[in-house]
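Chain letters run A, B, ... following the sequence lines, proteins first and then strands; every chain starts at 1. Side-chain atoms are counted along with the backbone in the values below, which use heavy atoms only and exclude waters and symmetry mates.
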Amino acid sequence: MGWIEILDRAEVVTDKHHIRGSTGGGEIRRAPNLVPLRITCLPNDQDKMFKLSDKILLLCVGEAGDTVQFAEYIQKNIQLYKMRNGYELSPKAAANFTRKNLADYLRSRTPYHVNLLLAGFDETDGPGLYYMDHLSALAKAPFAAHGYGAYLTLSILDRYYRPDLTRDEAVDLLKKCIEELNKRFILNLPSFSVRLIDKEGIHDLEKLMPVGAK
Amino acid sequence: IYDRAITVFSPDGHLFQVEYAQEAVKKGSTAVGIRGKDIVVLGVEKKSVAKLQEERTVRKICTLDDHVCMAFAGLTADARIVINRARVECQSHRLTVEDPVTVEYITRHIATLKQRYTQSNGRRPFGISALIVGFDCDGTPRLYQTDPSGTYHAWKANAIGRSAKTVREFLEKNYTDEAIATDNESIKLAIKALLEVVQSGGKNIELAVIRRNQPLKLLESKELETLVTEIEKEDEAEKKKQKKST
């Protein structure tokens, strides 16, 4: 997890990036599993997605250590709310809670350098996707991405996203994004884990492996 | 001024504040806990609410975590504080240790909290006894009891609050391996124990169960009524048998 930096021409920059798409029926998000570095592949089977509750997922990337620490802290506090009140926080409330925590830590001696995507399904409001960056900016968005991959995928999403996408169409859109990355992105990203949230909860979809990736 | 101790020893070695707290517990409505083989049962006497009062705001059985819950007898306000601290500790434990608490751990935590309040400046002890039930990771069912002094013990079955002695005596006579052989029998034992001291039967009883790997489940009034009727029938059958044999 975390950033690998350019030290000289022998090494390559990458970062974790992940894309989420929002559709009428649910949310889809994915995160790459392997980070290849020249001929070496750095297997990274750490799941970047944290289950905050039955219907809320938090995708957390950024500084090594900060990601897990911050995400687990938020996760346990969401659970505490459930114990205290007998029901779970809505995705909107969870997103704002997370934002407030991130903002408070930002002006402390120990800020968390993390970029987040929060996805959830609300009984009344339906599916919702929230984009949050390390400066604690929060925005509800139909689709979102973090990292270098975002430069490529946001334009794809912008072109092909419709608010009334079905589940399969949304998965296809995700596949389109991955194809674009496969074609134009400097790094080889062979596999992506995909999750979907709908009124029944969180579901694991099958891993997407772009054709031609090694 | 918080520099003066309130709980101090008496000449004959008693901590009167703690004993008075135990008296406060004895005034609270009865709670009973039973440890079965695959189930743990908590039953409480429901205090009758005023006509205009909303019933559901008075909850004496509370979850501390997905696998642990507790019932209390005594000062409701004190209980709220203890329960909140326990809930925070359950999550904190999960965060630092990446494992859910064991029932014994959280009991010890609550007991330590209670003891601290018997030895702090400006504070009085908590006026509650708690029955803490749940399943550990390895699937063992547990029942613990804490009291205002901060001691805790494991029990197979116990009662706290008003008429706890009567209920406990009933349990000592009737808690057998047969009585807890099935989940249903364990639940019925809890109801029978409470019926000893609760007036007007099923309407004034609230019952909750935890089964292994399942969250707390409060029994609905219909289920309770069915079970109470079953118990009453069994009692009648027993009485008839006894009459016949005499």
Asker: Working to the nearest 0.5 Å, report the span between CD of B:Gln91 and CD of A:Gln79.
Answerer: 5.5 Å
Asker: Please check if the number of heavy atoms outside A:Lys100 that lie under 6.0 Å from its NZ is greater than 12.
Answerer: no
Asker: Enter the distance from B:Glu98:CD to A:Glu72:CD here, rounded to the nearest 0.5 Å.
Answerer: 5.0 Å
Asker: Let's go through B:Arg94 and A:Leu80 carefully: what are the C-alpha distance in whole Å and the side-chain angles of both, what is the deciding distance for side-chain contact (heavy atoms from CB on, under 4.5 Å) to 0.1 Å, and is it a yes or a no?
Answerer: CA-CA 11 Å; B:Arg94 279 184 188 249; A:Leu80 183 60; over 6 Å; no
Asker: Is atom CD of B:Gln119 surrounded by more than 12 heavy atoms (other residues, nucleotides or ligands) closer than 6.0 Å?
Answerer: no
Asker: If you count heavy-atom pairs under 4.5 Å with chain A, which of B:Thr63, B:Ile83, B:Asp65 comes out on top?
Answerer: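 So the answer, after comparing B:Thr63, B:Ile83, B:Asp65, is B:Asp65.
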Asker: Measuring from A:Met83:CE to B:Asn84:CG, what's the distance to the nearest 0.5 Å?
Answerer: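 It is 13.0 Å, given to the nearest 0.5 Å.
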Asker: The test is side-chain contact (heavy atoms from CB on, under 4.5 Å); show your working for B:Val88 and A:Arg84 and say whether it passes.
Answerer: CA-CA 9 Å; B:Val88 173; A:Arg84 277 186 173 140; 3.3 Å; yes
Asker: Heavy-atom count check: over 12 atoms from other residues, nucleotides or ligands less than 6.0 Å from B:Asn213 CG?
Answerer: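 No.
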